[in-house]
Amino acid sequence: MSALFDSSPVTTRFAPSPTGSLHLGNARTAFFSLLWARRSGGRFILRIEDTDVERSQLRFRDELMADLRWLGLDWDEGPDIGGPSAPYSQAERGEFYATLFARLEADGRAYPCYCTAEDLELSRKLQRMAGKPPRYAGTCRYLTDEQRAEREARGLKSSLRFAVPSDQIIEFVDVVHGPQRFVSSDIGDFIIRRDSGTSSFFFCNAVDDSVMGVTQVLRGDDHLTNTPRQLMVLDALGMRRPGYGHVGLLVGEDGAPLSKRHGSTSALEFRERGFLPAAVLNHLFRLGHASDVDGWLSPADMPAHFRPGHLGRAPARFDESQLMHWQKAAVERMSAGQIGSWLGCGDPADFVELVRHNVVLPADAVAWRAVVRGDLPPLGESEQRIVASAGREFFAAAAAAFDQSGQDLNLLTALLKERTGRKGADLFMPLRVALTGQAHGPELKILLKLMSPETARRRLKSHA
RNA sequence: GCUCCCUUCGUCUAGAGGCCCAGGACAUUGCCCUCUCAAGGCAAGUACACGAGUUCGAAUCUCGUAGGGAGCGCCA
């Protein structure tokens, strides 16, 4: 099986509809598609599926592209950069679809349907009540030319339906699910052109993949049962079939496909919280995909390690604690300068260097800024205990010692050790808590140097 | 309702009949290191949904059952 994935270059694509921002699940399929193309030396296409004029917005298209670029997912052909199959926005491909619709109609493979939304709604309802699958009843399929003419004369609008042949077996090999077999009789005639004249997903998505030279379609599991419809269209048109692979969906805590109610699920939200693209990519790389390396992978190394044969069928649960792990790793790998600009507050270099190991998201830095130049929040319970068990005398001694030692922690602790007899954690912890308000944090020695002497003295005295 | 898909530790996964009384990673807990945290090292616990069958032998094959998901839209 693996030989199947090795040899020739594959062309893949990402075909989002610009009706919202880039979702993590979509980002993952885009990423896998890109990886597969890169790994094989092929091409990756971005196509915008904006035939639904009501819901599509230019703003979303731009956001989508910005999010993709933020993640470092660059395309070889797309609406903004063009390419051999331009245009890459389906709203601009109407003429192409029109010639195909005409062919299908002339061949008797598609027919105009005059049913209204209400008709169809009612029909589906009736079928459901009768315990039958809600499929198009075929009302308009066998209309005579006269009947059609009569309806046109009445000014009725029509959509175009694909005439699904009966008792046809549609087979294909899904790269993740293996051999698939569907019976056409289970599929009702479906709309390929809306009454507005625009193409529907089943149609334009399939023919564009074919004509744009896409060799491997990677998409979510939810499209698996749509595939036979698209295959019938392609076959009817005599167009080349791409390979298909349906990856298990990305789901939330509750096992339901990722959506708004699971908290932040859009790329933009993670970006705004300060997650690093390489961290997100490392996480996504292992969701529904078995990596052959456990450790950190730089994005540049990922294509070589992508294994299409190891794509997951089962849904993968998005778990932020794993993302956090990669985020830590990503922060570790940044230079001090990069961290500085990532934190975005113009922090001095010595501060950045000091806190970098205690920060996984930019929000974590604010507490340390307060330690260095600001006011400490009230102590937590365990911190209070540490202060209490050290006792007032300890802090009185500490304040006195500080007047001698200044911000030299070594000197301060040496003096204190002498005067109180304390050592080790018993000595350091109360100092740390008094000085920083927390039991954990960066190196105390440097922290002490960074705060003003007045601040340090005041903090020590406040517990005396 | 009909059709299709899915089911291995808490989570991501390895596993394509014996190498598996199931391996790794994240998370968790403990220990080491250390003023603390992080990092690093070591260690621990926890999983083949269930039931039949095929086989000398099944996480792996077959059939059922249960649970989850998707599609059946003039949404993609």
Side-chain angles (χ1 to χ4, degrees), chain A residues 1 15-17 19 26 49-52 54-56 113 115-117 120-121 124 127-136 157-161 174 176-177 180-183 185-188 190-196 198-202 204-205 219-229 246 248-249 251 253-257 283 285-295 310 312-326 328-329 331-332 356-360 386 409 413 423-433 436 438-445:
Chain A
M1 188 95 166
S17 63
T19 55
N26 290 140
E49 310 227 325
D50 51 359
T51 60
D52 183 355
E54 325 239 294
R55 305 206 301 164
S56 298
C113 170
C115 298
T116 65
L120 298 170
E121 186 59 40
R124 272 194 292 270
Q127 290 179 91
R128 269 183 211 282
M129 273 161 47
K132 297 191 157 199
R135 283 204 285 268
Y136 182 63
K157 297 185 94 181
S158 66
S159 60
L160 191 67
R161 275 186 197 272
D174 187 285
V176 355
H177 289 275
Q180 301 293 311
R181 182 188 165 91
F182 293 87
V183 182
S185 316
D186 290 331
I187 301 168
F190 52 93
I191 288 183
I192 55 178
R193 186 186 64 207
R194 306 185 182 98
D195 64 8
S196 64
T198 57
S199 168
S200 75
F201 166 79
F202 288 127
C204 54
N205 177 267
R219 48 174 22 170
D221 234 352
D222 48 343
H223 287 295
L224 186 57
T225 49
N226 292 159
T227 309
R229 273 171 257 267
H246 293 89
L249 258 24
V251 300
E253 198 88 13
D254 53 0
H283 186 223
F285 191 72
R286 293 160 173 91
L287 243 32
H289 172 246
S291 175
D292 55 352
V293 303
D294 281 328
H310 287 258
R313 292 168 288 282
R317 199 160 304 212
F318 176 76
D319 179 5
E320 201 166 284
S321 75
Q322 304 206 29
L323 209 211
M324 282 300 181
H325 166 74
W326 298 115
K328 267 182 211 165
V331 173
E332 286 298 327
R356 60 174 299 163
H357 301 296
N358 290 274
V359 164
V360 341
I386 291 169
L409 185 70
T413 52
K423 57 179 180 170
D426 285 340
L427 178 64
F428 279 92
M429 280 307 277
L431 282 179
R432 170 176 288 283
V433 171
T436 72
Q438 294 178 62
H440 319 300
E443 214 179 327
L444 190 56
K445 185 177 164 183

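Here the two rings, on His223(A) and Phe202(A), have centers that are 6.0 Å apart or farther.
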Close N or O pairs between protein and nucleotides 65-69 of chain B (under 3.5 Å):
none

Identify all pairs in which a protein N or O lies below 3.5 Å from an N or O of nucleotides 45-50 of chain B, and state each distance.
none

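There is no side-chain donor-acceptor pair under 3.5 Å between Asn26(A) and Arg219(A).
Within 4.0 Å of His223(A), counting heavy atoms only, lies at least one base atom of the nucleic acid. Nucleic acid contact for Phe202(A): base, since at least one base atom lies under 4.0 Å from a heavy atom of the residue. Among the protein residues, Ala314(A) comes within range of the sugar-phosphate backbone only, with heavy atoms under 4.0 Å from sugar or phosphate atoms but none that close to a base. Within 4.0 Å (heavy atoms only), Glu49(A) reaches sugar-phosphate atoms of the nucleic acid but no base atom. Across all strands, Cys115(A) comes closer than 4.0 Å to base atoms (heavy-atom distances). Residue-level contact check: Asp52(A) touches the backbone only, with heavy atoms under 4.0 Å from sugar-phosphate atoms and none from bases.
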Encode nucleotides 58-63 of chain B as B, S and - characters from 5' to 3', where the letter depends on protein heavy atoms closer than 4.0 Å: B to the base, S only to sugar-phosphate, - to neither. ------
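Stacking of Arg161(A) on the aromatic ring of Tyr136(A) is recorded, both the 6.0 Å distance cut-off and the 45° axial limit being met.
Arg356(A) contributes a side-chain N or O that, together with a main-chain N or O of Glu332(A), makes up a donor-acceptor pair within less than 3.5 Å. Without hydrogens or angle criteria, Gln127(A) side chain to Arg135(A) main chain gives a donor-acceptor distance under 3.5 Å.
Partner assigned to C72(B) is G1(B), using Watson-Crick or G-U wobble distances below 3.5 angstrom.
Arg313(A) contributes no side-chain N or O that forms a donor-acceptor pair with the base of C5(B) under 3.5 Å.
Each of Ala316(A) and Asn205(A) was assigned the nucleotide of RNA chain B with the nearest heavy atom; the assignment lying further toward the 5' end belongs to Ala316(A). Remark on RNA chain B: of its neighbouring residues Lys445(A) and Arg55(A), the 5'-side contact belongs to Lys445(A), judged by nearest-heavy-atom nucleotide.
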